[in-house]
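Below you'll find the structure, written out as structure tokens, and then a few comments.
Numbers for residues simply follow the sequence, beginning at 1.
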Amino acid sequence: MKKKSNKINVTKAFLPPIKEYKKYIDIIYANSHLTNQGPLLLELESKLKAYLKVEHFHFLTNGTLALQLALTALDIYDGEIITTPFSYVATCSSIIWGRCKPVFVDIEPDNYTIDVKKIEAKITKKTKAILAVHVFGYACDVETIERIARKHKLKVIYDGAHSFGSVYKGRSLASYGDISTLSFHATKLFHTIEGGACIVKDKSISHKLDLQKRFGHNLDEHLILGINAKASEFQAAMGLCNLEYIQKAMETRKKLCDLYDKELHGLVGRPKVQANLVYNYSYYPVLFKSENELLRVFKALGDKNIFSRRYFYPSLNTINYVNGESCPISEDISLRIACLPLYVELGSGNVKKISQIIRDTLQIKQ
Ligand SMILES: *Cc1c(COP(=O)(O)O)cnc(C)c1O
């Protein structure tokens, strides 16, 4: 057997005991139903609906197709979409892939979500929607976004790829907006290997999305233009296993985050979590004083086989095929922010070791 490496990455996919996954694989083999809304997928959808307390839920093959489907289900095929420059590239590339134009609004320095005070100045006759991101699982100002959207008759989509498990004012963070998307990629807090979801507010839009995710037809009746965003039974099986561990996983991650807080107190910037948010501990972002400081820490960690990631860098408005207007806060934060390793098996010893390296690096005067 391969020797276990002692490399530490920013994240490590959670794997349930193989016996538990195998039990579901046996079921798949017994009934030969591999995909196309199979029994395990339906079981997972029903469990996730109950967990998130939402009504219209679609388990999909990944979080990027979820974003693309959100646009088409809401009839957005062109025009401008107000969005955030501080996210993973899929947020913005989905807009461009959908032949729309991303219009960037800068972010809050406190929690890196879209700055709602700057949204209205960017609305034009062509604006169709606001696509905001609950980045790292922190909540956007959903009430103000809702108010602005209603006033200007815009749709609201949340890229909730990081929001699974976060609860805002007693509701799942992923339940806000006309459509909220999730990603269940292997690196995410809750995963189905590859996977994603759309949570839809309106029943008729949910029905439309349901058709669009499976080529837009019922047997020989072709109703609307669709695509293939169906997830398989193997993905659903992983989800059914992992859902059993999600509560415990969040508790373990909270402990690791609390320890980082204690060990790194005063040395790095940290986001302000909203008072009404029950956080999911999906990431541990830290803000350094400068890019130079970040690079020195990365070098010191890398020398010890520990790999942080620059989430999110560069600011999306600056990438070559986007070429958006400047967003000074996002551009500045993107240069200085990183996510430290955080996963269930990390262990408090490693948190202490990582923190010690960071302390040693930052306390050496340059
Ligand atoms: C991971 C991620 C996505 C894409 O999800 P996939 O399931 O990998 O397609 C979209 N937006 C954000 C913010 C993400 O972090």
Side-chain angles (χ1 to χ4, degrees), residues 6-12 84-88 106-113 115 133-139 162 165-166 187-189 249-275 277-315 327-366:
N6 39 20
K7 185 170 155 191
I8 295 175
N9 279 323
V10 66
T11 186
K12 184 173 175 196
T84 170
F86 189 71
S87 183
Y88 182 59
D106 213 342
I107 56 170
E108 286 278 1
D110 275 355
N111 61 24
Y112 326 130
T113 58
D115 186 342
V133 180
H134 301 303
V135 69
F136 302 138
Y138 304 118
H162 308 165
S166 275
T187 56
K188 303 297 206 271
L189 173 65
M250 287 192 291
E251 285 164 21
T252 305
R253 297 165 78 107
K254 178 183 188 308
K255 282 193 195 126
L256 298 172
C257 289
D258 289 347
L259 183 58
Y260 268 133
D261 279 346
K262 194 170 134 243
E263 297 279 315
L264 295 172
H265 184 77
L267 275 180
V268 290
R270 289 278 297 144
K272 248 192 229 141
V273 179
Q274 295 92 338
L277 180 74
V278 182
Y279 185 52
N280 64 3
Y281 298 92
S282 50
Y283 295 90
Y284 193 84
V286 293
L287 190 61
F288 295 99
K289 291 188 185 69
S290 64
E291 186 181 25
N292 179 273
E293 217 183 68
L294 175 147
L295 294 173
R296 280 199 287 134
V297 167
F298 270 43
K299 170 85 176 58
L301 290 173
D303 288 347
K304 295 277 190 317
N305 226 6
I306 298 166
F307 300 93
S308 267
R309 277 295 297 274
R310 298 186 74 169
Y311 288 152
F312 289 99
Y313 171 82
S315 186
C327 294
I329 298 172
S330 173
E331 286 165 42
D332 168 52
I333 286 175
S334 285
L335 288 173
R336 301 190 281 127
I337 199 164
C339 283
L340 298 185
L342 179 63
Y343 50 89
V344 167
E345 290 170 52
L346 180 65
S348 52
N350 279 325
V351 169
K352 285 185 183 160
K353 177 171 153 192
I354 293 163
S355 303
Q356 181 67 51
I357 296 169
I358 295 174
R359 281 202 305 268
D360 290 347
T361 309
L362 296 183
Q363 280 159 4
I364 301 165
K365 293 276 172 292
Q366 273 289 85

**Message:** Please evaluate residues Lys272 and Asn111 with respect to the criterion side chain to side chain contact (heavy atoms under 4.5 Å, CB included), reporting the C-alpha separation (whole Å), side-chain torsions for both, the decisive distance (0.1 Å), and the verdict.
**Reply:** CA-CA 6 Å; Lys272 248 192 229 141; Asn111 61 24; 5.6 Å; no
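- Gln356 places no side-chain N or O within donor-acceptor distance of the main-chain N or O of Lys352, the cut-off being under 3.5 Å.
- The closest donor-acceptor contact from the side chain of Thr252 to the backbone of Val344 lies at 3.5 Å or more, if one exists at all.
- Considering only heavy atoms from C-beta on, Val268 stays 4.5 Å or farther from Val297 through its side chain.
- For the pair Pro341 and Ser308, the minimum side-chain heavy-atom distance is below 4.5 Å.
- Here the CD1-OG distance, from Ile337 to Ser315, works out to 11.5 Å after rounding to the nearest 0.5 Å.
- Side-chain contact between Ile107 and Val135 is absent, with no heavy atoms from C-beta onward closer than 4.5 Å.
- Rounding to the nearest 0.5 Å places CD1 of Ile306 at 4.5 Å from CD1 of Ile8.
- Summarising the geometry, atom OG belonging to Ser334 is positioned 11.5 Å from atom CD1 belonging to Ile329; distances are rounded to the nearest 0.5 Å.
- Taking 4.5 Å as the limit, some side-chain heavy atom of Phe86 sits within range of a side-chain heavy atom of Phe136.
- For Lys304, the salt bridge (Lys or Arg N to Asp or Glu O under 4.0 Å) criterion is met by no residue, not counting sequence neighbours.
- Residue Tyr281 places its OH atom among more than 12 non-hydrogen atoms of other residues, nucleotides or ligands, all under 6.0 Å distant.
- Of the charged side-chain nitrogens involved, none lies within less than 4.0 Å of a carboxylate oxygen, so that Asp258 and Lys262 do not count as a salt-bridged pair.
- Taking NZ of Lys254 as the reference point, atom CD of Glu251 lies at 10.0 Å (rounded to 0.5 Å).
- Minimum heavy-atom separation, Leu189 to Ser282: CB-CB, 4.2 Å.
- With contacts defined as side-chain heavy-atom distances shorter than 4.5 Å, the pair Tyr283/Pro271 does not qualify.
- A 4.5 Å side-chain heavy-atom check between Leu287 and Arg270 finds every atom pair outside the cut-off.
- Here the shortest heavy-atom pairing between Thr361 and Ala300 reads OG1-CB, 3.3 Å.
- Counting all heavy atoms, side chain and backbone alike, Asn280 lies closest to Gly137 at OD1-CA, 4.1 Å.
- Here CD of Gln274 is found 10.5 Å from OH of Tyr279. Values are rounded to the nearest 0.5 Å.
- Annotation: salt bridge (Lys or Arg N to Asp or Glu O under 4.0 Å) contacts of Arg359 (sequence neighbours excluded): Glu263.
- When every heavy atom of Leu256 is checked against every heavy atom of Leu346, the shortest pair comes out as CD1-CB, 4.1 Å.
- Between the side chains of Asn292 and Ser290, not a single donor N or O lies within less than 3.5 Å of an accepting N or O.
- For the pair Leu267/Gln363, a side-chain contact is recorded, criterion being any heavy-atom separation below 4.5 Å from C-beta on.
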**Request:** Apply ring-ring contact (aromatic ring centres under 6.0 Å, His included) to Tyr112 and His162, showing your working.
**Result:** CA-CA 13 Å; Tyr112 326 130; His162 308 165; over 10 Å; no
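- The two residues Ile333 and Pro109 come nearest to each other via the heavy atoms CD1-CA, 4.0 Å.
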**Asked** Taking it one step at a time, do Leu277 and Ser166 satisfy side chain to side chain contact (heavy atoms under 4.5 Å, CB included)?
**Response** CA-CA 7 Å; Leu277 180 74; Ser166 275; 4.2 Å; yes
**Message:** Let's go through Tyr313 and Leu335 carefully: what are the C-alpha distance in whole Å and the side-chain angles of both, what is the deciding distance for side chain to side chain contact (heavy atoms under 4.5 Å, CB included) to 0.1 Å, and is it a yes or a no?
**Reply:** CA-CA 7 Å; Tyr313 171 82; Leu335 288 173; 3.7 Å; yes
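- Using cut-offs of 30° and 60° for the angle between ring planes, the Tyr284 and Tyr260 rings count as parallel.
- Considering all non-hydrogen atoms of both residues, Cys327 and Asp106 come closest at C-OD2, 3.1 Å.
- With Arg253 contributing its side chain and Tyr343 its backbone, the two residues share no donor-acceptor pair below 3.5 Å.
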**Request:** Report the C-alpha separation of Arg296 and Glu293 in whole Å, then their side-chain angles, then the decisive distance to 0.1 Å, and conclude whether the side chain to side chain contact (heavy atoms under 4.5 Å, CB included) test is met.
**Result:** CA-CA 5 Å; Arg296 280 199 287 134; Glu293 217 183 68; 4.0 Å; yes
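- For the pair Glu108/Tyr138, no side-chain contact is recorded, criterion being any heavy-atom separation below 4.5 Å from C-beta on.
- Atom CG of Leu294 sits about 10.0 Å away from atom CZ of Arg336, to the nearest 0.5 Å.
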